[in-house]
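What follows is a short report on a single structure.
Side-chain atoms are counted along with the backbone in the values below, which use heavy atoms only and exclude waters and symmetry mates.
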Amino acid sequence: MVELKENKLDIDTYLALRESVNWKVLSYEQAKRALEHSLFTVVAFDGGRPIGMGRIVGDGVVIDYIQDLVVRPDCQKSGVGRMIIERLIQYVKETKLENTEIMLCLMCAKGREKFYEKFNFIARPTDSLGPGMIQYISDKHN
């Protein structure tokens with residue numbers, strides 16, 4: 001049975017789950033600071049084994065981001081991702097200021113748009129919203 005634990009995401013679990021889906025490698029210090037600056041985390045455990053996680057970052061009043069949503073490949077298509085994202089959305093709803101609107105954003109991996117659309121996320125660009133954009137900043141010289 002899958003169990004969600006809130007704000008219990010440790011560095012080693014974070015790094016291992018990221019690695020399980022071949023995400024960019026982070027240093028231990030990057031992972032540590034990322035978790036320290038998270039607003040909320042949730043980890044899915046199956047029989048004590050971490051099989052997925054999600055993380056919210058942001059300011060908590062104007063804009064929050066689902067920064068990470070990972071489910072181990074051998075556990076995908078089992079409802080774990082749904083459990084995690086529903087809890088992340090619930091957290092934002094619970095913590096937003098009364099009588100206000102907050103933006104909940106994410107950048108999904110290519111091909112995952114349909115999953116997020118089930119939770120009322122809209123793909124950009126639209127007629128009124130431009131495309132999401134990104135820039136990588138590193139010490140490497142081009």
Take Ile102 and Thr95 through the test side-chain contact (heavy atoms from CB on, under 4.5 Å) and record every step on the way to the result. CA-CA 10 Å; Ile102 187 168; Thr95 58; over 6 Å; no

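Grouped by direct or indirect side-chain proximity (heavy atoms under 4.5 Å, Ile/Leu/Val/Met/Phe/Trp/Tyr only), Phe45 sits with Leu9, Ile11, Tyr14, Leu15, Leu17, Val21, Trp23, Leu26, Tyr28, Leu35, Val43, Met53, Val70. Applying the under-4.5 Å side-chain rule to Ile, Leu, Val, Met, Phe, Trp and Tyr, the cluster around Tyr136 extends to Met107, Ile134. Cluster partners of Leu129 are Ile122, counting Ile, Leu, Val, Met, Phe, Trp and Tyr whose side-chain heavy atoms approach within less than 4.5 Å, directly or via other members.
The local environment of CD in Glu101 is sparse, with at most 12 non-hydrogen atoms from other residues, nucleotides or ligands closer than 6.0 Å. Atom CZ of Arg124 is surrounded by more than 12 heavy atoms from other residues, nucleotides or ligands within 6.0 Å.
Checked against salt bridge (Lys or Arg N to Asp or Glu O under 4.0 Å), Lys8 has no partners two or more places apart in sequence or in another chain. Remark: Glu6 engages Arg87 in a salt bridge (Lys or Arg N to Asp or Glu O under 4.0 Å) (not counting sequence neighbours). Residues passing the side chain to side chain donor-acceptor pair (under 3.5 Å) test with Arg33, sequence neighbours excluded: Glu29. Partners of Glu19 by salt bridge (Lys or Arg N to Asp or Glu O under 4.0 Å), not counting sequence neighbours: none found. Residues forming a side chain to side chain contact (heavy atoms under 4.5 Å, CB included) with Phe119 (at least two apart in sequence, or on another chain): Arg82, Ile85, Glu86, Ile89, Phe115, Phe121. For Lys114, the salt bridge (Lys or Arg N to Asp or Glu O under 4.0 Å) partners at least two apart in sequence or on another chain are Glu117. Residues meeting the ring pair (Phe, Tyr, Trp, His ring centres under 6.0 Å) test with Tyr91, sequence neighbours left out: Phe40.
With values rounded to the nearest 0.5 angstrom, Leu104 atom CG is found 8.0 Å from Leu88 atom CG. In this structure, CZ on Arg112 lies 5.0 Å from CD on Gln76, to the nearest 0.5 angstrom. Residue Met103 holds its CE atom at 13.5 Å from NZ of Lys96, rounded to the nearest 0.5 Å.
Using modelled atom types, no side-chain atom of Glu36 and backbone atom of Ala34 make a donor-acceptor pair closer than 3.5 Å.
Tyr65 is not connected to Val42 by any chain of hydrophobic side-chain contacts under 4.5 Å among Ile, Leu, Val, Met, Phe, Trp and Tyr, and they are in different clusters. In this structure, Leu106 is not a member of the same hydrophobic cluster as Val57, with clusters built from ILVMFWY side-chain heavy atoms closer than 4.5 Å.
Heavy-atom minimum distance, Arg72 versus Ala16: NH2-CB, 4.3 Å. Residues Cys75 and Val80 come closest through the heavy atom pair O-CG2, 4.3 Å. What you find for Ile84 and Gly52 is that their closest heavy atoms are CD1-C, 3.7 Å. Across all non-hydrogen atoms, the minimal contact from Pro131 to Pro125 is N-CB, 3.8 Å.
Identified under the side-chain hydrogen bond (donor to acceptor under 3.5 Å, both in side chains) test for residues 40-53, with sequence neighbours left out: Arg49-Asp74. Under the salt bridge (charged side-chain N to carboxylate O under 4.0 Å, His left out) criterion, the residue pairs touching residues 50-63 are Arg55-Asp68, with sequence neighbours excluded.
Side-chain contact between Leu39 and Val92 is absent, with no heavy atoms from C-beta onward closer than 4.5 Å.
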